Amino acid sequence: MGIWAGSRLRARASAPSGQGIVPQRPADALRVQQRSQPFLGFFGVERQVLTHALHQGGQTTPMTREAFLSGDAAVMLPWDPVRDRVLVIEQFRMAPALRGDPQPWLLEPVAGRVDAGETPEAAILREAQEEAGLQVTRLIPAFNAYPSPGALCEFLYHYVGIADLPDGCAGVHGLDSEAEDIRGHLMDRETLSALADAGQIANGPLATLSLWLDARRDRLRALV
């Protein structure tokens, strides 16, 4: 409950997206007639019967929609600008396994949920220690986005983390209390870029952070 409450507070404090293109709707543009939570575990599911305003005027007929309640999360690509190398992690993921993916051990950025009373920045610095044993000297905000807004309430805060990444710094980490088994992989930034170009990165945040860093590498190096 605290994680979800924090997510809603951050959403209300954020600037509306699409400004200048998407008009700001009035408060009654969305009308919720019924709501229920048919499932509540590590994730929750909320079901609503609602109507919303139409682009050409009027209101839709009542519709039933469901979404996962998962709170916010932060993700980070650790980058050493001196050596121009990155560290990515590898761990088993249930969703690809359920889908029948032949490789449910994914290459990913450091990531984790934002706990109750925690900021996204504090969350990702904590996760860097837990998942990769890393001390990050500076966080560079990249972008914030919904990964799949048709079904997930999850909102992701993306960062590039400046870190010292010498040879031998990658290892196996994770919390025993959360049954985590996380292996680090150290590689040149260009190697990650080539993997993304070849379609070998199935994790969306890692692929987009790789592209984001590639486009800004020279400018960011000048800043750090």
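The model shown is predicted, which means the values in this text are computed figures rather than measured ones.
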[X] and [Y]: which non-hydrogen atoms are nearest, and at how many Å?
{"X": "E90", "Y": "H185", "result": "OE1-NE2, 2.6 Å"}
{"X": "G174", "Y": "E180", "result": "CA-OE1, 3.4 Å"}
{"X": "P120", "Y": "Y159", "result": "CB-OH, 3.5 Å"}
{"X": "I124", "Y": "A111", "result": "CD1-CA, 4.1 Å"}
{"X": "E131", "Y": "H173", "result": "O-CB, 3.3 Å"}
{"X": "S17", "Y": "V22", "result": "O-CB, 4.4 Å"}

(request) Under the side-chain contact (heavy atoms from CB on, under 4.5 Å) rule, what do T51 and T61 come out as? Steps first, then yes or no, please. (result) CA-CA 6 Å; T51 68; T61 57; over 6 Å; no
(message) I'd like to know if R31 pairs up with D28 as an ion pair, taking the criterion as any Lys NZ or Arg NE/NH1/NH2 lying under 4.0 Å from an Asp or Glu carboxylate oxygen.
(response) yes
Side-chain contact test, heavy atoms from C-beta onward, threshold under 4.5 Å: evaluate it for [X] versus [Y] and give yes or no.
{"X": "M63", "Y": "R65", "result": "yes"}
{"X": "R113", "Y": "E127", "result": "no"}
{"X": "P147", "Y": "E154", "result": "yes"}
{"X": "P96", "Y": "L106", "result": "yes"}
{"X": "R85", "Y": "R189", "result": "no"}
{"X": "L125", "Y": "M76", "result": "no"}
{"X": "L156", "Y": "P205", "result": "yes"}
{"X": "D115", "Y": "I3", "result": "yes"}

(request) Could you please spell out the steps behind the ring-ring contact (aromatic ring centres under 6.0 Å, His included) verdict for Y157 and F155? (result) CA-CA 7 Å; Y157 294 84; F155 190 73; 5.2 Å; yes
Report whether [X] and [Y] are members of the same hydrophobic cluster (ILVMFWY, side-chain heavy atoms less than 4.5 Å apart, transitive linking).
{"X": "V136", "Y": "L165", "value": "yes"}
{"X": "L40", "Y": "F68", "value": "no"}
{"X": "Y146", "Y": "V114", "value": "no"}

Would a distance-only check, ignoring hydrogens and angles, find a side-chain to backbone donor-acceptor pair under 3.5 Å from [X] to [Y]?
{"X": "S148", "Y": "A151", "result": "no"}
{"X": "R25", "Y": "P23", "result": "yes"}
{"X": "D80", "Y": "V82", "result": "yes"}

(message) Through direct or indirect side-chain contacts below 4.5 angstrom among Ile, Leu, Val, Met, Phe, Trp and Tyr, which residues connect to M187?
(response) V75, L77, W79, V86, V88, L107, I140, F143, V160, I162, L192, L195, I201, L206, L209, W212, L213, L220, L223, V224
(message) Can a side-chain donor-acceptor contact be found between Q91 and E108 if the only test is distance below 3.5 angstrom?
(response) yes
Just checking [X]: does its [atom1] atom have more than 12 heavy atoms from other residues, nucleotides or ligands closer to it than 6.0 angstrom?
{"X": "Q103", "atom1": "CD", "result": "yes"}
{"X": "D84", "atom1": "CG", "result": "yes"}
{"X": "R8", "atom1": "CZ", "result": "no"}
{"X": "Q135", "atom1": "CD", "result": "no"}

Got a list of side-chain donor-acceptor pairs under 3.5 Å for residues 42-49, not counting sequence neighbours?
unit_1, atom_1, unit_2, atom_2, d
E46, OE1, Q37, NE2, 3.4
E46, OE2, R35, NH1, 3.0
E46, OE2, Q48, NE2, 2.8
R47, NE, E66, OE2, 2.5
R47, NH2, E66, OE2, 2.6

Got a second to check how far [X]'s [atom1] is from [Y]'s [atom2], nearest 0.5 Å?
{"X": "S7", "Y": "L69", "atom1": "OG", "atom2": "CG", "result": "9.0 Å"}
{"X": "C169", "Y": "L186", "atom1": "SG", "atom2": "CG", "result": "4.5 Å"}
{"X": "Q200", "Y": "T191", "atom1": "CD", "atom2": "OG1", "result": "13.0 Å"}

(message) I need the full list of ring pair (Phe, Tyr, Trp, His ring centres under 6.0 Å) pairs touching residues 92-135, with sequence neighbours left out, sorted by first then second residue.
(response) F92-W105
